[in-house]
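Inspection log for the structure reproduced underneath, given as structure tokens.
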Amino acid sequence: MKRTLILLIALLPLTGCSIAKRIAKTSSDVEAVFASAKEWEQLPLRTISWNQAISMIRNNNRELKKLNSQIERCERNEMSIYTDMIPGVSFYGYFTSSINDMVKNVSGSDVSSNVNVTFNVPTLTAVPYRVYAAKATTFAIMKNKEGKERELFATLYGKVRNREVDLKLRSLKSDVSDTSDMERMLAANANRQADATYWKQVAELLGDYTARWQILPSSLPRVTMGVYSSRLKKMDPLTVCRFALQIERARMAQYGIAMQYLPTINASLYSPSLFTSSGGTYSGTFLSGEDTRINLSTSYRFDTQLDIWNSYKDRKAEYENTRLEVAAAVMEHKHKLTQLRRSMQDYFSWRSYMQKRLEYTKSLPVTTADEQIARDKGILDMKRELLSQEKTAIESEVALLVEYGMP
């Protein structure tokens, strides 16, 4: 009784506050956040390792937090299948009195209460299906989270690798002496915009906007064909699981229709009030074996109009079509992996050739200023070409990481 009174007292300020005041207070909080926000150039620069960045994504990323909430909700739904079988206990309290009696005196005879027990388990035949469906839903979301983590890690990897190449390209452009002041000013503005975009994207992935996060490029795991050449010959287990879940969803839809051919069995328990107190005249426990009834009921619907049968045939056709669609998708996926493997092999072979050519060009002797200028220009062009092709190869590296995970 004391706890109920305390709760009512705590709720009084909320119920007495107008919506305008509540919105005004929340609006002031939003304005305070806006006032405290800083431009990216004003935020401190903080350097972290790749492993630290991965930890921040797992703990702070909004998309992963949503998936964690979905997993928790599905796990609660699994438990609810069993908790539904627990008898429910309810309390009812009553107060009745005339206005004149309330002015004079309120006695215990004006208050009555009772405690009831209810128990109901509908459709016992559907319990195994509900358990399996709930567990399957939880399993699917957990796999979705695993895939989302891979996607986020690969995206961050691509951002850091592209940033690394962009800074090298900037350095090469700054070495060119024949650029005008206007070109340098435009390049500086473009660089500032690119920097702000990079800081924003990284902060969004990490789930932390309090700094400009700099991830050490040397701490990144490097993608090499030696690590992925054998993996590219087959699908990753997570990809296989995704295709299997697609087929299983179609099978469960068919199975759910077939369940309607089973008889419906319900169980319930009825009892009078477990405990009753009626204004001081009588009180106590009234539950007895004689008055308590356990009810079991069964029903069966004959599909005389073939509604269930027609629905079952539709789901069966959808299941077969899903199997064919998944088979086609698997073949297409294999072709993509083959193209990805060839693309990466061609790039690494080309890069090896270009690096050898670059080293050879650097070792060539020069005897005149014109030869020196020509050689330096050739070296600069090869470096630009290497970096340009590296940016293209980063897209393939990210695709590898999404498919197979970090090395």
Side-chain angles (χ1 to χ4, degrees), residues 63-64 66-85 120-152 231-267 297-338 340 399 402-405:
E63 294 183 79
L64 290 184
K66 290 180 180 179
L67 287 173
N68 286 331
S69 298
Q70 292 181 20
I71 292 174
E72 292 176 1
R73 181 168 62 250
C74 288
E75 290 175 343
R76 291 195 299 269
N77 290 338
E78 288 183 38
M79 289 298 299
S80 67
I81 298 174
Y82 302 103
T83 56
D84 286 346
M85 302 180 187
N120 185 40
V121 181
T123 318
L124 288 174
T125 51
V127 171
Y129 177 82
R130 290 178 59 197
V131 172
Y132 182 86
K135 290 184 178 295
T137 302
T138 304
F139 180 81
I141 296 179
M142 291 175 68
K143 290 300 177 181
N144 286 341
K145 178 189 173 183
E146 185 178 345
K148 175 56 69 174
E149 283 185 345
R150 281 192 184 182
E151 179 185 336
L152 294 173
R231 298 187 188 181
L232 279 163
K233 296 179 182 179
K234 57 184 180 180
M235 286 193 300
D236 184 77
L238 180 59
T239 305
V240 175
C241 183
R242 285 175 171 174
F243 284 126
L245 283 171
Q246 187 175 348
I247 296 175
E248 181 63 10
R249 279 193 291 267
R251 189 189 74 85
M252 289 298 296
Q254 178 185 352
Y255 187 76
I257 298 297
M259 288 285 296
Q260 297 181 32
Y261 278 112
L262 295 177
T264 300
I265 302 175
N266 297 324
S297 64
T298 181
S299 62
Y300 184 79
R301 175 194 170 189
F302 292 94
D303 190 25
T304 55
Q305 298 176 337
L306 299 181
D307 294 336
I308 300 176
W309 175 252
N310 291 331
S311 296
Y312 177 80
K313 295 293 288 184
D314 291 340
R315 294 297 183 272
K316 184 178 180 180
E318 292 176 4
Y319 171 68
E320 296 299 333
N321 290 332
T322 300
R323 290 180 64 89
L324 294 175
E325 291 173 0
V326 169
V330 169
M331 292 299 299
E332 183 180 356
H333 197 77
K334 184 175 182 178
H335 295 324
K336 289 182 179 179
L337 293 181
T338 301
L340 182 59
V402 172
E403 178 70 24
Y404 295 101

Original post:
In terms of side-chain heavy atoms, does Tyr319 have a donor or acceptor partner in Arg315 at a distance below 3.5 Å?
Top reply: no
Original post:
CD1 of Ile141 to CD of Glu72: how many Å apart, nearest 0.5 Å?
Top reply: 11.5 Å
Subject >> Heavy-atom closest contact (Gly256 atom, Tyr129 atom, distance) >> reply: CA-OH, 3.7 Å
**OP:** Quick one: which residue pairs count as a salt bridge (charged side-chain N to carboxylate O under 4.0 Å, His left out) with a foot in residues 234-245, not counting sequence neighbours?
**Re:** Arg150-Asp236
Original post:
What closest approach, in Å, do Ile308 and Gln260 show between heavy atoms, and which atom pair accounts for it?
Top reply: CG1-OE1, 3.5 Å
Original post:
More than 12 heavy atoms of other residues, nucleotides or ligands under 6.0 Å from CE of Met252: is that the case?
Top reply: yes
**OP:** Determine yes or no for a side-chain-to-main-chain donor-acceptor pair under 3.5 angstrom, with Asn321 supplying the side chain and Glu325 the backbone.
**Re:** no
Original post:
Once you round to the nearest 0.5 Å, how far does CD of Glu149 lie from CG of Asn144?
Top reply: 11.5 Å
Original post:
How far apart are the closest heavy atoms of Ala134 and Ile81, and which atoms are they?
Top reply: CB-CD1, 3.8 Å
**OP:** For Asn77, check side-chain contact (heavy atoms from CB on, under 4.5 Å) against everything at least two apart and list the hits.
**Re:** Arg73, Ser80
Subject >> Taking every non-hydrogen atom, the tightest pair across Tyr404 and Arg231 >> reply: OH-O, 3.0 Å
Subject >> Pairwise distance CD(Gln254) to CZ(Arg249) - rounded to 0.5 angstrom >> reply: 15.5 Å
Subject >> Pairwise distance OG1(Thr137) to OH(Tyr132) - rounded to 0.5 angstrom >> reply: 10.5 Å
Original post:
By ring-ring contact (aromatic ring centres under 6.0 Å, His included), which residues pair with Tyr300, not counting sequence neighbours?
Top reply: Phe302
With a cut-off of 3.5 Å and sequence neighbours excluded, list every side-chain donor-acceptor pair involving residues 326-337.
unit_1: His333; atom_1: NE2; unit_2: Glu403; atom_2: OE1; d: 3.0
unit_1: His333; atom_1: NE2; unit_2: Glu403; atom_2: OE2; d: 3.0

Subject >> Counterpart residues, salt bridge (charged side-chain N to carboxylate O under 4.0 Å, His left out), relative to Arg76 (two or more places apart) >> reply: none
Original post:
Can you tell me if CZ on Phe243 sees more than 12 non-hydrogen neighbours from other groups inside 6.0 Å?
Top reply: yes
**OP:** Might you point out which heavy atoms bring Leu245 and Phe139 nearest each other, and give the distance in Å?
**Re:** CD2-CD2, 4.0 Å
Original post:
What distance do Glu63 atom CD and Lys148 atom NZ have between them, rounded to the nearest 0.5 Å?
Top reply: 4.0 Å
Subject >> Nearest heavy atoms of Thr298 and Pro263, plus distance in Å >> reply: OG1-CB, 4.0 Å
Original post:
Could you state the interatomic distance from OH (Tyr82) to CZ (Arg130), rounded to the nearest 0.5 Å?
Top reply: 10.0 Å
Original post:
Do Thr138 and Glu78 get their side chains close enough for a donor-acceptor pair, meaning under 3.5 Å?
Top reply: yes
**OP:** Please answer whether the main-chain N or O of Met235 pairs with a side-chain N or O of Thr239 as donor and acceptor at a distance below 3.5 Å.
**Re:** no
Subject >> ring-ring contact (aromatic ring centres under 6.0 Å, His included) against Tyr261, all qualifying residues, sequence neighbours excluded >> reply: none
